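Below: one structure, written as structure tokens.
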Amino acid sequence: MSRYVQDGVLDCGITGNDWILENRSDVERLADLAYAKQSMSPVRWVLAIPENSPIKTVKDLEGKRIATELVEVTKDFLKSQQVNADVEFSWGATEVKVVVNLVDAIVELTETGSSLRGAPS
């Protein structure tokens, strides 16, 4: 949505700040709107690993593989932490990818954390 506004295709739109950052869109933010599916708690993007993972800090992600739908923001975060990792786009079922060892970590949107806690380890 933010790219269409930036490019002048639309005059305005409603989207999450995460997608504005992901697309690096140059748009004016007019209001913060509360959005949640389970409660009025804010949703947030989290970096998650299995409970039994040897990874304990962001630095431990050096050379590891991470799945997310927020690729550019994740790369920017890792760069700010001076960590080199392979970040791949996740086409859904992100939580499962870390459980079956397709990736070492995930960056995922969560509201309550229940889907992350519910994933088998």
Side-chain angles (χ1 to χ4, degrees):
M1 187 61 63
S2 60
R3 292 184 313 180
Y4 299 131
V5 173
Q6 173 186 284
D7 295 344
V9 175
L10 297 173
D11 293 327
C12 66
I14 296 176
T15 190
N17 190 55
D18 48 358
W19 298 119
I20 295 172
L21 296 172
E22 179 67 11
N23 291 303
R24 294 179 165 85
S25 299
D26 183 18
V27 295
E28 184 175 343
R29 293 162 180 87
L30 300 177
D32 286 327
L33 304 175
Y35 171 78
K37 292 181 181 178
Q38 301 293 320
S39 69
M40 288 309 291
S41 300
V43 294
R44 63 193 183 279
W45 287 92
V46 296
L47 172 62
I49 56 168
E51 285 183 334
N52 61 354
S53 173
I55 297 168
K56 301 300 177 202
T57 70
V58 172
K59 298 288 186 197
D60 294 337
L61 291 169
E62 183 70 32
K64 303 296 186 192
R65 182 178 295 161
I66 302 167
T68 184
E69 292 181 350
L70 207 63
V71 173
E72 297 305 319
V73 171
T74 301
K75 286 180 180 179
D76 289 346
F77 170 74
L78 292 171
K79 185 177 180 182
S80 77
Q81 301 297 306
Q82 299 177 329
V83 172
N84 230 346
D86 179 27
V87 181
E88 63 182 46
F89 185 82
S90 177
W91 297 94
T94 305
E95 296 94 335
V96 174
K97 291 178 174 112
V98 75
V99 173
V100 296
N101 297 319
L102 295 175
V103 297
D104 302 290
I106 61 172
V107 173
E108 181 67 335
L109 188 66
T110 185
E111 183 178 346
T112 65
S114 62
S115 65
L116 295 172
R117 283 189 299 276
S121 50

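From a predicted model like this one, the values you see are computed outputs, not experimental measurements.
- Residues satisfying the side chain to side chain donor-acceptor pair (under 3.5 Å) criterion with Asn17, sequence neighbours excluded, are Arg29.
- Here the closest heavy-atom approach between residue Ala67 and residue Thr94 is recorded as O-CG2, 3.8 Å.
- Between the side chain of Gln6 and the backbone N or O of Val27 there is no donor-acceptor pair closer than 3.5 Å.
- If you chain together hydrophobic residues whose side chains sit under 4.5 Å apart, Val9 and Leu30 never meet in one group.
- Using a 4.5 Å cut-off on side-chain heavy atoms (C-beta onward), Ile106 and Glu95 make contact.
- Taking both residues in full, the closest heavy atoms of Leu70 and Thr68 are given as N-OG1, 2.9 Å, listed atom of the first, atom of the second, then distance.
- Heavy-atom minimum distance, Ser25 versus Arg3: OG-N, 3.6 Å.
- The salt bridge (Lys or Arg N to Asp or Glu O under 4.0 Å) search around Asp26 returns none, not counting sequence neighbours.
- Lys64 places none of its side-chain heavy atoms less than 4.5 Å from the side chain of Ile49.
- With a 4.5 Å cut-off on side-chain heavy atoms, Val107 and Val73 do not count as touching.
- Applying the 6.0 Å contact sphere to CG of Asp7 captures more than 12 heavy atoms from other residues, nucleotides or ligands.
- In this structure, Val5 and Cys12 approach most closely via the heavy-atom pair CG2-C, 3.6 Å.
- Counting only distance, with no hydrogens or angles, the side chain of Glu72 and the backbone of Glu22 share no donor-acceptor pair below 3.5 Å.
- For the pair Asp104 and Pro50, the tightest heavy-atom approach, listed with the atom from each and the gap, is O-CD, 4.0 Å.
- Following chains of ILVMFWY side-chain contacts shorter than 4.5 Å, one cannot reach Trp19 starting from Leu10, and the two form parts of different hydrophobic clusters.
- A continuous path of ILVMFWY side-chain contacts below 4.5 Å connects Trp91 to Ile66, so both sit in one hydrophobic cluster.
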Can I get a per-line list of side-chain donor-acceptor pairs under 3.5 Å for residues 78-87, giving both atom names and the distance, sequence neighbours left out?
from	atom 1	to	atom 2	distance (Å)
Ser80	OG	Phe77	O	2.6

